Amino acid sequence: MSPSQPAIEDAADLPRHLLGLEGVSAASINRILEEAQGFRALVDQADKKTDALKGRTVINLFFEASTRTRTSFELAGKRLSADVINISASASSLQKGETWLDTVRTLEAMTPDALVIRHPDSGAPHLAARALDSHCAVINGGDGTHEHPTQALLDVLTIQHHKGPIAGLKVAIVGDAAHSRVARSQIHALHTLGAAEIRLVGPKTLMPTEAATALGVQVFHDADAGLENVDVIIMLRMQMERIRGAAVPSQREYFRLYGLDPARVERAADDVLVMHPGPMNRGVEIASEVADGPYSVILPQVTNGLAIRMAVLNLLARERGSGSPA
Ligand code: NCD
């Protein structure tokens, strides 16, 4: 560790909100990962609860569909003994014409300690964080095509479990990176933690325009070349709900060119990890034999997500929310 880098226990620079991983220091990321390691042990115990957030309130405000993220934030809050409320757009006053920022302010008036927001617009959690007056922490549960920080953190935790430090690893992210908030957060985290190579693999139509320059990744349009010798393969779902026009000729053609089948896995390192944030489209981006096969850690990713969300809630809702409003 360089002298300029604070030790993990001195990392007082945890962001007040977790809006993304761009610009978040290695010390802060490591602090969250360390906290999650502790909770990972709890997740495997018969008695899974602690009193850490007793008396605190977490509100999950979801303006977009979610299975994994919403359930694991809810469970994480409950395992920490917080009071947890879930609100989805379809059941809120948004249906009566209230703006979503007024919904946020209304919820803030009920004095929560953390607000987890998922929204189809990139930047929505940032706007919410700016609108709040209290100590309440805003946690981004996925905003448009921008970031999904807790997903990338759980992915990093999963990689570390199987491979040790991120530094030096070669990682291929395959598929619809153009519309993927998951990929963007993963790229920031992997860069910050010193991955040797980050490759984006997919057709030109599904690559972010800033791919090679701003994000500092290598772009491959040939999947077999892009997977050569990588330590980790992360598959992405085609984000049909965000794609305008025909980005690929057909799903069958897409699978032929970019789908992860057993033959493609052979291209990678012998002990490759196969990952997917879910929800998966079997037969579109990944073959069932691979998704359910020996290299897959897709379900452990979900379990690790619980530990990451416990860590994030505990760090941001407990330590910051101890006194009167800031
Ligand atoms: C992702 C999301 O919503 O961004 N899912 C998730 O949170 N695990 C990925 C996706 O929808 O494809």
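Order of listing sets the numbers, starting from 1, for every ligand and every atom in it. Note that the structure is predicted; figures quoted are calculated from it, not measured.
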**Student:** Without swapping roles, check the side chain of Thr50 against the backbone of Leu80 for a donor-acceptor pair under 3.5 Å.
**Tutor:**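 Checked: no pair found.
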**Student:** Quick check: closest heavy atoms across Pro112 and Leu107, and the distance to 0.1 Å?
**Tutor:**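 Closest heavy-atom pair between Pro112 and Leu107: CD-O, 3.2 Å.
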**Student:** Is there any N or O on Glu241 that sits under 3.5 Å from an N or O of ligand 1?
**Tutor:**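 No, Glu241 has no N/O under 3.5 Å of an N/O on ligand 1.
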**Student:** Under a 4.0 angstrom heavy-atom cut-off, which atoms of ligand 1 come close to Arg118?
**Tutor:**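 It comes down to these atoms of ligand 1: 2 (C), 3 (O), 7 (O).
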**Student:** Can you list the steps and then say if Asp47 with Arg79 is a salt bridge (Lys or Arg N to Asp or Glu O under 4.0 Å)?
**Tutor:** CA-CA 9 Å; Asp47 183 355; Arg79 297 233 171 127; over 6 Å; no
**Student:** Find all atoms of ligand 1 within a distance of less than 4.0 Å from any non-hydrogen atom belonging to Pro277, and give their numbers and elements.
**Tutor:**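 Answer, ordered by atom number: 8 (N).
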**Student:** Are Arg118 and Phe62 in a cation-pi contact, defined as NZ or CZ under 6.0 Å from the six-membered ring centre and within 45° of the axis?
**Tutor:**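 No, a cation-pi geometry is absent between Arg118 and Phe62.
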**Student:** Carefully, step by step, assess His17 and His126 under the rule ring-ring contact (aromatic ring centres under 6.0 Å, His included).
**Tutor:** CA-CA 9 Å; His17 306 287; His126 295 69; 9.4 Å; no
**Student:** Pro279 near ligand 1, heavy-atom distance under 4.0 Å?
**Tutor:**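 A heavy atom of Pro279 does come that close to ligand 1.
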**Student:** Consider ligand 1: state whether an atom of it lies below 4.0 angstrom from any non-hydrogen atom of Glu64.
**Tutor:**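 Not so, Glu64 does not reach ligand 1.
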**Student:** Provide, to 0.1 Å, the distance between atom 9 (C) of ligand 1 and the closest protein heavy atom, together with that atom's residue and name.
**Tutor:**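 Protein heavy atom with the smallest distance to atom 9 (C) of ligand 1: Gly278 O, 3.4 Å.
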**Student:** Determine whether the side chain, the backbone, both or neither of Val182 has a heavy atom under 4.0 Å from any heavy atom of ligand 1.
**Tutor:**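 Answer for Val182: side chain.
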**Student:** Could Glu197 and Arg199 be called an ion pair, given the rule that one side-chain N must be under 4.0 Å from one carboxylate O?
**Tutor:**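 Between Arg199 and Glu197 there is a salt bridge, with a charged N closer than 4.0 Å to a carboxylate O.
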**Student:** Give the atoms of ligand 1, by number and element, whose distance to some non-hydrogen atom of Thr69 is under 4.0 Å.
**Tutor:**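 With Thr69 as reference, the close atoms of ligand 1 come out as 6 (C), 7 (O).
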**Student:** Specify the protein heavy atom at minimum distance from atom 11 (O) of ligand 1: its residue, its atom name, and the distance to 0.1 Å.
**Tutor:**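 Looking only at protein heavy atoms, the one closest to atom 11 (O) of ligand 1 is Arg237 NH2, 2.9 Å.
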**Student:** Does the side chain of Leu306 reach to within under 4.5 Å of the side chain of Leu154, using non-hydrogen atoms?
**Tutor:**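 A side-chain contact under 4.5 Å is absent here.
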**Student:** For Ala36 and Ile308, work out which heavy atoms get closest and say how close.
**Tutor:**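 For Ala36 versus Ile308, the nearest heavy atoms are CB-CD1, 3.7 Å.
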**Student:** Can you pull out the closest protein heavy atom to atom 3 (O) of ligand 1? Residue, atom name and distance to 0.1 Å, please.
**Tutor:**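 Heavy-atom neighbour on the protein nearest atom 3 (O) of ligand 1: Arg181 NH2, 2.9 Å.
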**Student:** Which option wins on minimum heavy-atom distance to atom 7 (O) of ligand 1: His276, His148, Gln151?
**Tutor:**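 Ranked by closest heavy atom to atom 7 (O) of ligand 1, first place is His148.
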